[in-house]
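Note that ligands are numbered from 1 as they come in the structure, with each ligand's atoms numbered from 1 the same way. We number each residue from 1, following the sequence as shown.
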Amino acid sequence: MNQGRGSVAIVGAGVGGLACARVLGEAGWRVSVFDKSRGLGGRCSTRRASVDGLTLRFDHGAQYFTARTPAFQAVVEAGLEAGSLARWRPRLIAVEGTLAAGRSAVEDETPRYVGVPGMSALGKLLAARAGVDEARVHRKRRIQALERGVQGWTLVDEAGERSEGFEAVLLNLPSAQATPLLEAHAPALAERSRACTFEPCWAGMLRPEDPALDLGFDAAFVSGGAFSWVADGGSKPGRSGGAAWVLHADPDWTRAHLEEPAEAVARELHARFEALVGRSIPAAHRSAHRWRFAKPEGIPEPHLLDADLGLGVCGDWCGGPRVEGAFTSGRSLAQAWLAARTA
Ligand SMILES: Cc1cc2nc3c(=O)[nH]c(=O)nc-3n(C[C@H](O)[C@H](O)[C@H](O)COP(=O)(O)OP(=O)(O)OC[C@H]3O[C@@H](n4cnc5c(N)ncnc54)[C@H](O)[C@@H]3O)c2cc1C
């Protein structure tokens, strides 16, 4: 595959990469997107589980997003109109230690939005708005090396497959995954990328035997224990099938259990959740997913770019540790690349 002039490869189809793709596509560039996964949207994703003949959806990464900038508000407006996004109004509380020890209502009017029927709807919406169709999305391609020659950039994936001739390569990867790709070509960018660290997060997923289980709250910010956040995905709009709890372990607990098998972690998080709410909750399903790179301690730059090389990076560790931060960073990188090419 030789792309020729005017073509850009984006590695990583997270919110940042898809936002970047839209700006470049609108400016007339041919954009190809590569991702190691099957789905789009990266950490803004949904895990399916089949339980008693029902397909349940767990938003095991990002729980919701806020929209404070006009560009992202425009995306949210479009999604609300199309029905692929909706406003979530959870019964939200803050818990200190256990429910019995201390709980308080979170009175916060900030609109919180979710994808419908799962958070992965945001990635699909962004891809559609970017005009990134199947021909331009290369799924299950983990890019392992970048090469630069007279014909431009070549991407090499873990199976050895090559995609050639890009004028620029723009990475949308957590810093630890971006650094090895930057090192050989742009040591200065690699240095800045290496300065960023990520906290990990074990995400437990729990389907109670009683799908109508109501614990008296839908979501909680938790402190002083194993969790940072717990939420019933069944309380989000556009879900069917009842209770589907997501249990986010806090960074310290996650680090202490990082290399344990997912099954053992799911069992432990289930037990901790029962202790948190002070009652037994028999499970119809429980599982766990480890996010090695969940939340960044980012750098104060909206993106990184070496315009002469045609190599750049975006993501939430540049734009701010949330969905909208990734979106803003992706746009910022694309705009900087376009400005450099017309200067
Ligand atoms: C547990 C958890 C809870 C969160 N809760 C919230 C929340 O409530 N609200 C909020 O706003 N944000 C939340 N976030 C943060 C939010 O999900 C991220 O800020 C945002 O999704 C990051 O987007 P991104 O585009 O920067 O990167 P990512 O979403 O990480 O995208 C990177 C992409 O690169 C791909 N990739 C990686 N390596 C390679 C490779 N070598 N080759 C090809 N592809 C590769 C990955 O598959 C992925 O699709 C949460 C995150 C986690 C993990």
Side-chain angles (χ1 to χ4, degrees), residues 9-21 32-47 58-68 72 88 90 92 110 112-115 119-120 122-123 126-127 137-146 155-159 163 169-182 196 198-205 219 221 227-231 236 246-251 254 288-296 298 303 313-331 333:
I10 295 178
V11 182
V15 168
L18 295 171
C20 184
S32 300
V33 180
F34 297 80
D35 201 288
K36 67 180 171 62
S37 313
R38 268 198 313 267
L40 303 174
R43 277 170 276 157
C44 201
S45 60
T46 308
R47 169 75 62 90
F58 293 94
D59 297 328
H60 61 316
Q63 295 297 291
Y64 60 83
F65 44 87
T66 49
R68 297 185 169 90
F72 196 53
W88 181 37
L92 182 58
T110 311
R112 295 179 166 82
Y113 301 101
V114 296
M119 287 298 278
S120 56
L122 178 63
L126 290 172
V137 176
H138 305 275
R139 301 169 194 260
K140 302 188 89 173
R141 299 277 309 273
R142 182 191 290 269
I143 303 306
Q144 221 159 38
L146 304 177
L155 276 53
V156 186
D157 72 14
E158 62 185 342
S163 300
V169 178
L170 304 179
L171 307 177
N172 167 227
L173 309 173
S175 54
Q177 291 165 322
T179 303
L181 294 177
L182 293 171
C196 168
F198 270 76
E199 286 178 339
C201 175
W202 268 114
M205 289 161 269
F221 294 107
F227 299 110
S228 58
W229 166 266
V230 296
K236 294 179 178 178
V246 168
L247 318 171
H248 282 164
D250 97 328
T254 298
H289 175 85
R290 178 181 52 207
W291 296 100
R292 276 194 192 277
F293 308 110
K295 190 174 173 212
H303 63 264
V313 199
C314 64
D316 64 343
W317 53 280
C318 301
R322 62 193 70 83
V323 170
E324 187 172 17
F327 177 86
T328 302
S329 175
R331 284 175 56 85
L333 176 59

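At the shortest separation from atom 44 (N) of ligand 1 among protein heavy atoms lies K36 N, 3.1 Å. Closest to atom 3 (C) of ligand 1 among all protein heavy atoms lies G61 O, 3.3 Å. Atom 31 (O) of ligand 1 has its closest protein heavy atom at G14 CA, 3.4 Å. The nearest protein atom to atom 8 (O) of ligand 1, hydrogens excluded, is given as Q63 N, 3.2 Å; this is a heavy-atom distance. For atom 51 (C) of ligand 1, the closest non-hydrogen atom on the protein side is A294 O, 3.8 Å. Distance from atom 32 (C) of ligand 1 to its nearest protein heavy atom, with residue and atom name: N172 O, 3.2 Å. Protein heavy atom closest to atom 47 (O) of ligand 1, with residue, atom name and distance, is D35 OD1, 2.7 Å. Nearest non-hydrogen protein atom to atom 19 (O) of ligand 1 is D316 OD2, 2.7 Å.
Residue S45 comes nearest to M119 through the heavy atom pair O-CB, 4.0 Å, listed as atom of the first residue, atom of the second, then distance. Taking every heavy atom of both residues into account, L122 and F72 meet most closely at CD2-CZ, 4.4 Å. For the pair A249 and C201, the tightest heavy-atom approach, listed with the atom from each and the gap, is O-SG, 3.7 Å. Among all heavy-atom pairs drawn from L181 and L173, the shortest one is CD1-CD1, 3.7 Å. What you find for C196 and G298 is that their closest heavy atoms are SG-CA, 4.1 Å. The two residues G115 and F65 come nearest to each other via the heavy atoms N-CE2, 4.4 Å.
R290 meets the salt bridge (charged side-chain N to carboxylate O under 4.0 Å, His left out) test with E259; sequence neighbours excluded. Checked against ring pair (Phe, Tyr, Trp, His ring centres under 6.0 Å), H303 has no partners two or more places apart in sequence or in another chain.
Each of the atoms 26 (O) of ligand 1 lies under 4.0 Å from some heavy atom of G315. Numbered from 1 in the order shown, with element, the atoms of ligand 1 that lie under 4.0 Å from a heavy atom of G42 read 29 (O), 31 (O), 48 (C), 49 (O). Shown in contact with S37 at under 4.0 Å from a heavy atom are these atoms of ligand 1, numbered in order with element: 47 (O). Taking every heavy atom of Y64 and a limit of under 4.0 angstrom, the matching atoms of ligand 1 come to 7 (C), 8 (O), 9 (N), 10 (C), 11 (O). In summary, the atoms of ligand 1 found under 4.0 Å from a heavy atom of G16, numbered by their order in the structure, are 25 (O). Contact atoms of ligand 1 toward V323: 10 (C), 11 (O), 12 (N), 16 (C), 19 (O) (distance under 4.0 Å to a heavy atom of the residue). Listed by number with element, the atoms of ligand 1 under 4.0 Å from a non-hydrogen atom of A326 are 22 (C), 23 (O), 24 (P), 25 (O), 26 (O). Listed by number with element, the atoms of ligand 1 under 4.0 Å from a non-hydrogen atom of V15 are 25 (O).
Of the polar atoms of H60, none of the N or O atoms is found under 3.5 Å from an N or O of ligand 1, judged by distance alone. For the pair I143 and ligand 1, the shortest N or O to N or O distance falls below 3.5 Å. Taking distance alone, with nitrogen or oxygen atoms compared against 3.5 Å, G17 stays at or beyond that limit from ligand 1. Between P321 and ligand 1, not a single N/O pair is under 3.5 Å apart.
The residue among L40, V11, L173 with a heavy atom at the shortest distance from atom 45 (C) of ligand 1 is L173. Closest heavy-atom approach to atom 14 (N) of ligand 1 among the candidates G123, A13, A62, G325: A62.
Inter-residue side-chain proximity for L155 and L146 is flagged as met; some heavy-atom pair is nearer than 4.5 Å. Considering only heavy atoms from C-beta on, E199 stays 4.5 Å or farther from T254 through its side chain. Residues S163 and R141 form a side-chain contact, since some pair of their non-hydrogen atoms from C-beta on lies under 4.5 Å apart. Two residues are said to be in side-chain contact when any heavy atoms from C-beta on lie closer than 4.5 Å; F293 and D316 fail this criterion.
Side chain of Q63 to backbone of A231: no donor-acceptor contact under 3.5 angstrom is found. In this structure, the side chain of W291 engages the main chain of H60 through a donor-acceptor pair within 3.5 Å.
At a 4.0 Å heavy-atom cut-off, ligand 1 touches C201 through the side chain alone. Contacts of R43 with ligand 1, taken as heavy-atom pairs under 4.0 Å, involve both backbone and side chain.
A heavy-atom separation below 4.0 Å is not found between A203 and ligand 1. At least one heavy atom of R141 sits closer than 4.0 Å to an atom of ligand 1.
Checked against the 6.0 Å centroid threshold, W229 and F221 count as a close aromatic pair.
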